[in-house]
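Written below as C-alpha cells is the structure these notes are about.
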Amino acid sequence: MNYFELLAVIVILCDVALCAASRLRAMIRAAAVQGAALGLLAFIKPVTWEIVLLSAATIAIKAVLFPWLLNIAREKSKADEPAPYVGYNFSFAICAAMFGVSVWLSHRLDVATTLMAGAFFTVLAGFFVIVSRKSAFSQAIGYLVLEGGVYAFGMAMPNEAPALVELGLLLDVFMAVFIMGIMVYHISREFEHADMAKIAFLSDLEDYD
Amino acid sequence: MALFATALLALTISAALSLVFSKKPAWSAFAGAGGNVLAAALGLAALAFAGAKPHLNLPWAVPGGQLHIALDPLSAVFLAPMFVLCACGALYGVSYGGLNRRTGTGFLLYNLLTASMAVVFTARNAMLFLAAWEIMALCSFLLVVTDYENPETRNAGWVYLVATHIGTAFIIALFALAWHKCGSTEFADFPKAFAALPFAAVALLSVTGFGAKAGFFPFHVWLPKAHPAAPSHVSAVMSGIMIKTGIYGIIRMISFCPPPPFWFGGLLASIGIISGVGGVLFALAQRDIKRSLAYSSVENIGIIALGLGMGWMGAASGRTDIAFIGFAGALLHVINHAFFKGLLFFGAGAVYHATGIRDMDRLGGLRRFMPVTALTFLAGSAAIAALPPFNGFISEFLIYSGAFKAVIAGRGAGFGGLAVILGLSLTGGLAAACFTRVFGIIFLGEPRAKLAVEHGEPPLMVGPMVALSALCLFMGLAPQFAARLVTEPALMLSGAPYADLPSRLQPVGLLGCAVVLLSLALWFFRKRLLAGRAVASAPTWGCGYSAPAASMQYTASSFAQPLVDFFGIGTAKKIEEPHGLFPSHAMFRSETPDIAKSRFYRPLFENIEQRMSSLRVIQHGNIHAYILYIAAALVALLVWTLK
Amino acid sequence: MTAIADFAAALLLAPLLPGVINRVKAFFAGRRGQSVFQLYYDLRKLLAKGAVYSSASGFVFRLGPVASLAALLAALAVMPAGGHGSLASFDGDIILFAYLLALSRFVTVLAALDTGSSFEGMGASREVFFSALAEPAFFLSLAVLAKKAGAFSFNLIFLSANPVTGTPLLLVLAALFIVFLAENCRIPFDDPNTHLELTMIHEVMVLDHSGPDFALISYGAALKMWLLGAVVVRLALPFGGGTGGAQSPALFLAGIFALAIATGIVESCMARLRLLKVPALLLSASMLAFAAFMVS
C-alpha cells in the first residue's frame, strides 16, 4: 500500500468535508487534519533536515496552532455557521465537478498522480470556500487551505522543490491568518457577528467609534 | 415493398373514407380504425418479408423532389413499434373519443399522421422527407387542438406549432446546405455533401433541428404542454413514436457523415444526462398525470441519447463492440419506450375518461373501479422504471453494459462511460420514485376526493392496454427476440458485430422468469399457509389516531416534496397561514414551472419582442399600404434578379 | 455444487445477522440481549399465524412481500454470497443485481402506498428519496471494481487476478459500507428500534403487514443484508487472486459476521442523522466512489 497516496486521498477528502461542512468547527477540524496530512506528505521528498523542519513546521502551524487560534476566536464570537451563499448539497456537486477538473488538469500536466490532482483540487476548494461562504472565519480557513494546495504542488512536482520557499510561504500565510484572526476577533467583539456580507458597510470608512 | 405501399394506401384511403362518412360517426370510426389496423398488419408483414428490392422510386411533380422511399433495418426498427402503437391507438381512440361529429376528422388526421410518419421513416429524398415531416407536424397540431374550445388547449397547440417549426427551420437549413454542396435532394448523394461540410455544422444543425422534435432538454418545452392537451391516444402516439422521428433524423443524418469525432458522442451523452435527470425531476414535480408522463418522455429520450452517445463515443475510440451495444440499447429503448409509454398514456386516458380528473392529488383508490387498467398501468410503471422482468430493463441493461465496457477500456471512453453510468443510475432511481408515485397515488389507497367513476373499462380501451403490457412483459422475459430486432440496425451503425447479443441477453430473461415463478410460488405458499386460518380485514393502522380519513393520505405533492426540494428545481409555494383563534381560511399551493421556459425562453422572447416592437409602425392595418409593400417587394425582387 | 451450498447457506444463515447486531447493541448497552436466533423464532411464530389485511388494500399489497422476496432470491443467484462463485454468472450481472434490489424496493413501496396510511406514504417517500441517492453511489463503486478487474460480472470481479487494492479499496469499501447501512435501513439512516412512526423509514412502510406476509418481509430484510454485506466482505477480505485462489467459506462467514458486529458497533456509537442530513452522507458515498475511480 502506498502511504503517500493514502495521504493524498486524505487531503482530497478533507477538501470535500470542508466544502460540505455546515459547522465552522467541522471546517476547522477538516483543515487541521489536512494540515497534518500535508505535513507528513513532506517525506515524499528525500529526507533532509530542511524537509524535517518543513514537516514539523507545517504540522505545528497548520494542524495545531491555526486551528487552536481559530477555535478560540470562534468561541469568543459564538459563531458556528459558515453562512453559505451556495447550499451544502449543491456545494457537493460543485465539489465533484472541481475534482473532475482537477484530475483532468493533472492529466494535462502529465503528472497524473493523485497528489497532483489533490493539489489542484485543494487550491480550487480553498477558492470555493472563500467565495461561497459569508463568514469571515471561513475566509481565513479558505486562505489556509489555498496555501495547503500550493504546498501540495511543491510536493507533487517530481523534481526537487525548494523547501525554503515553502517555509517562506508558510510564514506569509501564518502572518495573514494571524492578522485575520485578530481582526475577526475584534470585529466579532464589536458587532456580535462576523458576516462579511453584513460588515461591507464599513468600507465607506466612517468612524465607527 | 408492394406490401408497404399498400399499407400507405390503406391509410390514406381509410383517412379519406372516415372524412366522407363524418356524418355517420360509427362508419367513420370503423373505416378509420379498421384501415389503421389493416395498414399495421400490412406494414408489419412488409417488415417481416422485406423483399430483395426494398426501394420504391416514383417521379414526383414537385420540383427538386422524387417520391423515393426505401426500407432498411434502421427504418424497420422505428416502423415496427409505430405500426403496433398506431393500430392500438386507433382502436383505443374509438372508445376514448366516442362517436360524435369529430370522429370523422379525428380519424382523417390520425391516419394521415400515421401515414406521414411511415413516410418520414422511409423517405430517401429530402423534399419528400420535409413534406412528410410537415404533414406530420400539422396533423399532430390539429389533433392536439381537438378540444379547441379550451383556451389552454389552443395555447398548447400554439406552443407546439412554434416549437416544431423552429426545429423544421434548422432541418431546412441543413438540407439546403447539403443541396448546395451536391446539387441533389436524394439522400443517396448526401454523404458526398456532408463530407464537404464541416462536421460540427451538420451535427449541431441536426441535433438542434431534430432535437426540437425529440424533446431534448431544453427544447422540450412543447411536450408538457401538448401531451396533456391532446386526446390520450394521440398523446400516446406522439410521445411513443412521433418524438422518435427526431431521434431517427439524427441517426440518419449522422450516418451520412464521415465517422463522427469523440466530442459528438460526448455531446449526446451530456444532452442525455441533462434530459434524463431534468425530465424525471420535472415529472416528479407534476400533479397532472399526463404532464408527468410527458416529462418522463423527455427523460426517456435522454436515455436514448445516452445510448447513442455511448455508441458514438465507443466508435470514435475504435471500440466497435461498445458502439454496437450502445446503439443496440438506444434502438431497443426506442421500441420499448413506444410500448410502455403508449400503455401509460392509454392508462392515464382511461383514468381521465372515467373520472374527468387529471390532477393526481384528487385521485386515489382507482384500483377498485378499474382493475385491468390498474394491472396494466402497474406493468407499464415497472417497465418504465427499468425493472426486471420488463422490457425497459433490457434496453437500459444494454446501455449500462456498453458503459461498463467503456469504463474497462479506460482513457477518454472510460470517463464517458462513467458519466453514462452516473446519469443512468441517477435517472433510474428517480424514475422509480416517479412511477411509484404516479401509480401509487392514482390507483392505490382510497379515493382522495369524491369520485364519479363512469364508463367503466370499455373493451376497446382495455384491449390495447392488455396487448401492450403483454408485449412489455414478453420482451423482458425473452429479450433474445428483442435483441434480434435491433441487431441489424446496430450493426449498420457500428460497422462491426458484437458476438452473439441474443444469447448474452438470455440469462437476464431467465432470471426474469425466475422472479415471476418465485413470486407465484411464494404466493401459493402463503395461500396454503393461510388456508383454514383466520384472515381478517381491518382498517389501516392509523398510529393511534382513531378517525383517519381518506383526505389524510399522502398526496402526490407530498410524496415528491423531499426530492423536489432537494434538487431545487424551483417549486413555487404559496401559503396563506391561518390566523386568529378560529381561523376560517388557510391555503397552501405549490407549483413547479418549467425552468427552461421561465428562465430561458420567456426572457428570450420578451427581449426579441422588445427589440422588434419598433417595427410595429409598418403594421397598421391599412390595406393600401400592405398592397404597396407587396408591389414594392415584387419590384425589388425583379430588379434584383434582372440586374 | 459449491455454489448451491453457498446459496443454501445464505438462505439458512441470513436471519442470524440481525441477531448478531442486536446482541452487539445489547452488549454496548450493558444488557444481555435477546438470543441471536431471535429472528428464527419470530419467523416460526409469524408463519404459524393468520393474517389481517387493511380494508383499504388490494392485490398490490398482497403482491408486495411476495415479489420483493422473489426479487431478492433471484439477486442471491448472481451474488457470490459465500466462499465460492455464484449460481449464475454472466456479463452484466452486477447491473441485474442492482435492479433486482430496486424491484424489491419498488413493490414494497407500492404495498405501503396501498394501505392509504399517511405514515406509510411518508416512509415510502423517504425510501425512494434515499435510494435514488444511494443508487449512483452503488453504481460508481461498481464502476471502480469493473475498471480494475476488467470485467463486469461479480464472479470475475471477486476472483480477479487484479483485485482492487490500496487507497481505492479503502475508498470503495467506505462508499459501499455507507450504501450497505442506507439500503438496510440501519443507523445513521434509519433506526430499526424506534417506536415513533414519524421517524421511521423502512419499518413504517411495513406497519400493516402481518402474519406470513410480515415473515416474508423480515426474512427478505435479513437476506438483503446478507447480499449487500457479501459485496463488502468479498471485497475486503483476501479471497486470493485468480480462479485458483483460496475460496474459503470459513473466511467468508467470519467476514460477514464481523461486518454485522461492525454494524452493531456503529449503531451503538452513533445517533440517527437528522433526515435533512442524510442526503449529504449519501452524496459523500458517491464522492468517495468517484475519488476511488479517479485514483484507481
Side-chain angles (χ1 to χ4, degrees), chain B residues 365 367-368 378 382 385-388 393 397 400-401 404-405 407-408 410 414 418 421-422 425-426 428-430 432-433 436 439-441 444-446 504 507-508 511 514-515 518-519 522-523 526 529-530 533-543 550 552-554 558-559 561-563 566, chain C residues 47 49-56 58 60 66-67 69-71 73-74 77-78 88 90-92 95-96 99-100 102-103 105-106 109-110 113-119 121-122 124-126 128-129 131-133 135-136 139-140 143 146-147 150-152 197 207-208 211-213 216 279 293:
Chain B
R367 159 183 53 72
R368 250 164 262 202
L378 175 61
L387 296 174
F393 175 68
F397 177 83
Y400 268 121
S401 300
F404 270 108
K405 274 182 170 290
V407 161
I408 292 166
L418 189 75
I421 289 175
L422 188 63
S425 55
L426 195 54
L430 291 172
T436 42
F439 177 74
I441 299 297
L444 304 180
E446 306 264 12
R504 276 168 190 268
V508 181
L511 275 166
V515 173
L518 280 169
S519 303
L522 284 170
W523 183 285
R526 182 183 55 190
L529 275 182
L530 287 179
R533 293 193 199 145
V535 177
S537 180
T540 298
W541 167 237
C543 305
M552 289 163 57
Q553 291 174 94
Y554 240 45
S558 39
F559 189 82
Q561 182 266 336
L563 268 166
F566 176 75
Chain C
L47 284 175
K49 283 188 173 228
V52 181
Y53 290 107
S54 157
S55 50
V60 175
V66 167
L69 185 58
L73 288 173
V78 296
F90 51 92
D91 274 354
I95 307 161
L96 182 66
Y99 274 81
L100 282 170
L103 173 65
R105 189 183 313 124
F106 184 82
V109 165
L110 285 184
L113 287 176
D114 202 13
T115 60
S117 151
S118 49
F119 289 102
M122 190 179 60
S125 163
R126 287 173 183 167
V128 294
F129 179 23
S131 59
L133 293 178
E135 198 100 319
F139 266 101
L140 285 178
K147 180 186 182 189
F152 56 120
E197 289 89 345
L207 274 180
D208 267 279
D213 286 298
L216 294 181
F293 187 86

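Since the structure is predicted, the reported quantities are computational estimates derived from the model, not experimental observations. Residue numbers start from 1 in every chain, and the chains themselves are labelled A, B, ... in the order their sequence lines are given, proteins ahead of strands.
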Non-hydrogen atoms of chain B under 4.5 Å away: do they reach the side chain of [X], the backbone, both or neither?
X        : answer
C:Phe129 : both
C:Leu47  : both
C:Asp91  : both
C:Leu207 : side chain
C:Pro136 : both
C:Ala151 : backbone
C:Ala56  : both
C:Val109 : side chain
C:Tyr53  : both

Of all the heavy-atom pairs spanning [X] and [Y], show the shortest one and how long it is.
X        : Y        : value
B:Arg533 : C:Lys49  : NH1-O, 2.8 Å
C:Ala143 : B:Val407 : O-CG1, 3.6 Å
C:Ala77  : B:Leu511 : CB-CD2, 4.2 Å
C:Leu113 : B:Gly440 : CD1-CA, 3.7 Å
C:Pro212 : B:Leu529 : CB-CD1, 4.1 Å
C:Ala70  : B:Leu522 : N-CD1, 3.9 Å

Would you say the side-chain atoms of C:Ser118 pair up with the backbone N or O of B:Gln553, donor to acceptor, closer than 3.5 Å?
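Checking the backbone N and O of B:Gln553 against the side chain of C:Ser118, no donor-acceptor pair under 3.5 Å is found.
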Interatomic spacing from [atom1] in [X] to [atom2] in [Y] - rounded to 0.5 Å:
X        : Y        : atom1 : atom2 : result
B:Tyr400 : C:Phe139 : OH    : CZ    : 3.5 Å
C:Phe90  : B:Ser401 : CZ    : OG    : 9.0 Å
B:Leu387 : C:Arg105 : CG    : CZ    : 9.5 Å
B:Leu518 : C:Leu69  : CG    : CG    : 8.0 Å
B:Thr540 : C:Asp114 : OG1   : CG    : 8.5 Å
B:Ser519 : C:Leu103 : OG    : CG    : 7.5 Å

Go through C:Ile95 and B:Val508 one step at a time and tell me if the side chain to side chain contact (heavy atoms under 4.5 Å, CB included) criterion holds.
CA-CA 10 Å; C:Ile95 307 161; B:Val508 181; over 6 Å; no
Under a 4.5 Å cutoff for heavy-atom pairs, which residue among [options] has the most contacts with chain C?
options                                : answer
B:Leu418, B:Ile421, B:Ile441           : B:Leu418
B:Ala550, B:Ala514, B:Pro562           : B:Pro562
B:Met552, B:Glu446, B:Gln561, B:Arg367 : B:Arg367
B:Gly428, B:Ala433, B:Pro507           : B:Pro507
B:Gly429, B:Gly365, B:Ser425, B:Ser558 : B:Ser425

Non-hydrogen atoms of chain C under 4.5 Å away: do they reach the side chain of B:Ala386, the backbone, both or neither?
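Both parts, backbone and side chain.
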Side chain, backbone, both or neither: which part of B:Leu430 has a non-hydrogen atom closer than 4.5 Å to chain C?
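It is both, since atoms from each part get that close.
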Working note: C:Phe152 + B:Lys405, criterion side chain to side chain contact (heavy atoms under 4.5 Å, CB included); need CA distance, chi angles, decisive distance, verdict.
CA-CA 8 Å; C:Phe152 56 120; B:Lys405 274 182 170 290; 3.8 Å; yes
If you tally heavy-atom pairs under 4.5 Å against chain B, which of C:Gly50, C:Ala132, C:Ser125, C:Gly150 wins?
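Greatest number of close heavy-atom pairs with chain B: C:Ser125.
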Can you check side chain to side chain contact (heavy atoms under 4.5 Å, CB included) on B:Arg526 and C:Asp213, steps first, answer last?
CA-CA 8 Å; B:Arg526 182 183 55 190; C:Asp213 286 298; 2.4 Å; yes
B:Trp541 and C:Thr115: side chain to side chain contact (heavy atoms under 4.5 Å, CB included), yes or no, with the steps?
CA-CA 9 Å; B:Trp541 167 237; C:Thr115 60; over 6 Å; no
